[in-house]
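A note on names: the letters A, B, ... follow the listed sequences, proteins ahead of strands, and every chain is numbered from 1.
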Amino acid sequence: MRLATWNVNSLNVRLPQMLDWLAANPVDVLVLQETKLTDDKFPAAEIEAAGYQVQWFGQKTYNGVALLSRSAATDIIKNLPGFDDPQARVIAGTVAGVRCIGAYFPNGQAPDSDKFTYKMAWLDALQRFLSAELQTHEKLVLMGDFNIAPTDADVYDPVAWAGQIHCTPQERGHFQAMLEGGLVDAFRLFEQAPKSWSWWDYRNLAFRKNQGLRIDHILVNSALKNQVKSCVIDKLPRKNERPSDHAPVVIELA
DNA sequence: ATGTCTCACAAAGTGAGA
């Protein structure tokens, strides 16, 4: 079973690229972030024509998530239960016995901003949701754009980024708490090339200079850990014309 | 380099968000 996450930065713009990528990488599950579409505009027919079932949860202009799967997803949850949120950031479903949670974590803007306060509250709510989900599902995968670079090894210039958004002790503390709660960073189960990033700023020729961050992640629970065969970042779509600023992350389970 | 991309407004450039 292969699963993937991709922040497409507008599904309206990136739909052809996403369909091309799926044709070349026929994963069993794909979660999307930043679809930036209201639900009535979601391109369900095109996705179904490509052989996928799909659940979606969006809003106007910003955010928006989706869950594509070869077989039907059940027990769908949209956003974090008990956390009243106008922003569409979470979609969860069970596919072939695996609980799949796709999430677009808040960016947070800057550590002294209101958006950071919101990010912290959202992360608290996510931790509560994860605790409950881990109790009720034997196999669980959390994947998405975390907007957290968990360690300095996930940052092209850790000195410049020290204490900056995506790298604050508070954000990293939340990531660590997920690991202590029984999840594993699948990417780090394997030897990886140094300077492996999942996001590069559109500005400053960042991709050409490989100046990026690893902020897109796939975490698995302990029951799945031994089934993880590989976890890779697919940089190819970042080389496309009109690319997303994020690359897909793909995991293979035995 | 405040360096780009995306969306929306009542636009024909500008601001917000990332």
Inset, instruction - Would you check if there is a donor-acceptor pair between the side chains of A:Ser10 and A:Glu34 at a distance under 3.5 Å? - result: no

Inset, instruction - Could you please name the option among B:dC9, B:dG17, B:dG3 that lies closest to any side-chain atom of A:Lys60? - result: B:dC9

Legend entry - Sugar-phosphate only, base, or nothing, as touched by A:Asn107 at under 4.0 Å among non-hydrogen atoms: sugar-phosphate

Legend entry - Rounded distance (Å) that lies between atom C1' of B:dG17 and atom CG of A:Asn7: 12 Å

Inset, instruction - Give a yes/no on whether any side-chain N or O of A:Arg242 is located under 4.0 angstrom from OP1 or OP2 of B:dT4. - result: no

Legend entry - Same-atom distance (C1') from B:dA11 to B:dA16, integer angstrom: 15 Å

Legend entry - Integer-rounded Å distance: B:dC5 C1' and A:Lys36 NZ: 8 Å

Legend entry - Side chain of A:Arg14 (C-beta onward), nearest among B:dC5, B:dA18, B:dG3: B:dC5

Legend entry - Separation between the P atoms of B:dT14 and B:dG3, rounded to whole Å: 14 Å

Legend entry - Aromatic ring pairing A:Trp199/A:His246, orientation class (parallel under 30°, perpendicular over 60°, tilted between): tilted

Inset, instruction - Take the protein atom CG of A:Leu205 and the nucleotide atom C1' of B:dT4, then report the distance between them rounded to whole Å. - result: 10 Å

Legend entry - For atom CG of A:Asn240 and atom P of B:dC5, their distance in whole Å: 14 Å

Inset, instruction - Scan side-chain atoms only and decide if A:Trp6 and A:Asp234 contain a donor-acceptor pair under the 3.5 Å cut-off. - result: no

Inset, instruction - Starting from P on B:dC7, measure out to CG on A:Asn12 and report it in whole angstrom. - result: 6 Å

Legend entry - Euclidean distance, atom CD of residue A:Gln59 to atom C1' of B:dT6 [Å, nearest integer]: 14 Å

Legend entry - Nucleotide B:dT4, atom C1' - distance to CZ of A:Phe207 in whole Å: 15 Å

Legend entry - A:Gln17 side chain vs A:Arg242 backbone, donor-acceptor pair below 3.5 Å: yes

Inset, instruction - Name the nucleic acid region contacted by A:Tyr104, choosing base, sugar-phosphate or nothing; use a 4.0 angstrom heavy-atom cut-off, strictly under. - result: sugar-phosphate

Legend entry - Distance, rounded to the nearest Å, where A:Asn63 contributes CG and B:dT6 contributes C1': 13 Å

Legend entry - Given B:dG17, B:dT4, B:dA18, the nucleotide with the shortest approach to the side chain of A:Tyr62: B:dG17

Legend entry - Side-chain donor-acceptor pair present, A:Trp200, A:Asn210, cut-off under 3.5 Å: yes

Inset, instruction - Return yes if a side-chain donor-acceptor contact under 3.5 Å exists between A:Ser244 and A:Asn9, otherwise no. - result: no

Legend entry - A:Arg203 vs B:dT4: side-chain N/O to OP1/OP2 distance below 4.0 Å: no

Legend entry - Whole-angstrom distance between B:dA1 and B:dA12, as gauged at atom C1': 28 Å

Inset, instruction - Name the residue closer to the 5' end of DNA chain B, choosing between A:Thr61 and A:Gln87 according to the nucleotide with the nearest heavy atom. - result: A:Thr61

Inset, instruction - Could you work out the separation of B:dA10 and B:dT6 based on their P atoms and round it to a whole Å? - result: 23 Å

Inset, instruction - With DNA chain B as reference, determine whether A:Asp201 or A:Pro106 sits nearer its 5' end, using the nearest nucleotide of each. - result: A:Asp201

